Colleague: 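Take this structure first; my questions come after.
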Amino acid sequence: MTKHVIIHTDGACKGNPGIGSWAATLEYKGVIKEISGVIEHTTNNQMELRAVIEALKALKESCSIELYTDSQYVQKGMLEWIKTWKIKNWKNVKNVELWQELDDLATQHTISWHWVRGHSGHDGNERVDELANLAIKNYQSANNN
């Protein structure tokens, strides 16, 4: 039986490009795992992609996933644009390495992609937004930025 996992993801950037962070929550049978990270020079879109990539990398086996993101860039990329990008051999695609990594990881799972409006009171999205911003704050405090 395939495990059913609920994932929420978010990326943040202070400056675009600038210092960025990503965060995700993975929920399985009511247990929530929170992950996040920081990259010094990046963009908001790169962090949105990185959040999904890291969430999928955290899974140890093929799963059925409900994935929630406030990034239309990620959601539309995976549901609408990626087929054309592949047909055109990824020509002129920004963040191509991240998209290809995400595509490789996504094919290992069955994913339902859901877009949620950011900062609209969606509990899962609010939490990953908080985690992403906290990651930047902690990084800046530790590095006196």
Side-chain angles (χ1 to χ4, degrees), residues 1-86 90 92-143 145:
M1 176 176 240
T2 304
K3 293 180 178 176
H4 182 75
V5 179
I6 299 168
I7 296 175
H8 291 87
T9 65
D10 196 21
C13 220
K14 302 300 179 197
N16 198 21
I19 184 169
S21 63
W22 56 268
T25 59
L26 298 91
E27 181 178 355
Y28 175 66
K29 291 189 174 181
V31 176
I32 298 174
K33 177 180 182 177
E34 298 178 338
I35 58 175
S36 62
V38 173
I39 296 177
E40 284 190 5
H41 187 78
T42 188
T43 67
N44 188 64
N45 283 340
Q46 290 169 347
M47 290 298 88
E48 295 286 359
L49 288 164
R50 177 59 57 198
V52 180
I53 289 166
E54 296 301 328
L56 296 179
K57 284 169 71 174
L59 299 171
K60 297 185 177 19
E61 62 190 74
S62 180
C63 297
S64 168
I65 300 168
E66 296 290 328
L67 193 140
Y68 295 86
T69 177
D70 65 3
S71 171
Q72 289 188 7
Y73 177 67
V74 169
Q75 191 237 12
K76 287 184 177 185
M78 291 305 291
L79 291 178
E80 298 175 22
W81 308 329
I82 200 162
K83 290 177 186 129
T84 302
W85 292 339
K86 288 179 180 182
W90 300 96
N92 302 317
V93 177
K94 288 186 179 180
N95 305 310
V96 66
E97 295 86 4
L98 292 171
W99 281 112
Q100 289 172 333
E101 184 176 7
L102 176 53
D103 183 45
D104 287 342
L105 290 164
T107 60
Q108 300 170 31
H109 306 279
T110 302
I111 304 175
S112 294
W113 298 89
H114 304 281
W115 177 78
V116 296
R117 183 173 304 282
H119 313 287
S120 64
H122 184 279
D123 289 343
N125 180 256
E126 295 294 338
R127 181 60 183 153
V128 289
D129 179 72
E130 181 181 347
L131 290 169
N133 284 296
L134 186 60
I136 289 176
K137 181 179 177 183
N138 289 343
Y139 178 85
Q140 288 176 324
S141 293
N143 293 284
N145 291 347

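Please read these numbers as outputs of a predicted model, since none were measured by experiment. No hydrogens, no waters, no symmetry mates; every other heavy atom, side chains included, goes into these values.
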Colleague: Any chance you could measure Q46, atom CD, to I53, atom CD1, to the nearest 0.5 Å?
Modeller: 10.0 Å
Colleague: To the nearest 0.5 Å, what is the distance between OG on S112 and CG on L79?
Modeller: 9.0 Å
Colleague: Any ion pair linking R127 and E34 (charged N to carboxylate O, less than 4.0 Å)?
Modeller: yes
Colleague: Please confirm whether W85 and W99 have ring centers closer than 6.0 angstrom.
Modeller: yes
Colleague: Which heavy atom of A51 sits nearest a heavy atom of A23, and at what distance?
Modeller: CB-O, 3.5 Å
Colleague: Would you call the rings of H8 and Y68 parallel, tilted or perpendicular, where under 30° means parallel and over 60° means perpendicular?
Modeller: parallel
Colleague: Just so I know, are the side chains of L67 and V52 near enough to count as touching, which here means a heavy-atom distance under 4.5 Å?
Modeller: yes
Colleague: For the CG atom of L56 and the SG atom of C63, what is their distance to the nearest 0.5 Å?
Modeller: 9.5 Å
Colleague: On a heavy-atom basis, which atom in T42 and which in I19 lie closest, and how many Å separate them?
Modeller: CG2-C, 4.5 Å
Colleague: Quick check, are the ring centers of W115 and Y73 under 6.0 angstrom apart?
Modeller: no
Colleague: Main chain of I32, side chain of E27: is a donor-acceptor contact present, judged purely on distance under 3.5 Å?
Modeller: no
Colleague: Which heavy atom of A24 sits nearest a heavy atom of L131, and at what distance?
Modeller: O-CD1, 4.4 Å
Colleague: Between S21 and A132, is there a donor-acceptor pair closer than 3.5 Å when you use the side chain of the first and the backbone of the second?
Modeller: yes
Colleague: Given M78 and L102, is the side chain to side chain contact (heavy atoms under 4.5 Å, CB included) satisfied, shown in steps?
Modeller: CA-CA 9 Å; M78 291 305 291; L102 176 53; 3.7 Å; yes
Colleague: Looking only at side chains, do H114 and E66 share a donor and an acceptor under 3.5 Å apart?
Modeller: yes
Colleague: Starting at CD1 of I39, measure out to OH of Y139 and round the result to the nearest 0.5 Å.
Modeller: 10.5 Å
Colleague: Grab the two heavy atoms, one from N44 and one from N16, that are nearest each other, plus how far apart they are.
Modeller: N-OD1, 2.9 Å
Colleague: State, yes or no, whether a side-chain contact exists between W81 and V93 at a heavy-atom distance under 4.5 Å.
Modeller: no
Colleague: Are the side chains of K57 and L105 in contact, using a 4.5 Å heavy-atom criterion?
Modeller: yes
Colleague: Determine the minimum heavy-atom distance between I35 and E54, stating which atoms define it.
Modeller: CD1-O, 3.7 Å
Colleague: Can we say R50 and E101 salt-bridge, meaning some charged N sits less than 4.0 Å from an Asp/Glu carboxylate O?
Modeller: yes
Colleague: What distance separates N125 CG from T69 OG1, expressed to the nearest 0.5 Å?
Modeller: 7.5 Å
Colleague: Would you say the side chain of V128 lies within less than 4.5 Å of the side chain of W22, judging by non-hydrogen atoms?
Modeller: no
Colleague: Compare all side-chain heavy atoms of T9 with those of V74 and state whether any distance is below 4.5 angstrom.
Modeller: no
Colleague: Under the side chain to side chain contact (heavy atoms under 4.5 Å, CB included) criterion, do T2 and T110 qualify, and how do the steps go?
Modeller: CA-CA 10 Å; T2 304; T110 302; over 6 Å; no
Colleague: Would you sort out whether H119 and D129 count as a side chain to side chain contact (heavy atoms under 4.5 Å, CB included), showing the intermediate values?
Modeller: CA-CA 8 Å; H119 313 287; D129 179 72; 3.4 Å; yes
Colleague: I want to check something: taking the side chain as every heavy atom from C-beta on, are I65 and L59 in contact at a cut-off of under 4.5 Å?
Modeller: yes
Colleague: Where do K86 and D103 come nearest, in terms of heavy atoms and distance?
Modeller: CE-OD2, 2.9 Å
Colleague: When rounded to the nearest 0.5 angstrom, what is the spacing between OG in S71 and CE in M47?
Modeller: 12.0 Å
Colleague: Give me each pair satisfying salt bridge (charged side-chain N to carboxylate O under 4.0 Å, His left out) with a member in residues 2-22, each pair once, sequence neighbours excluded.
Modeller: K3-E61
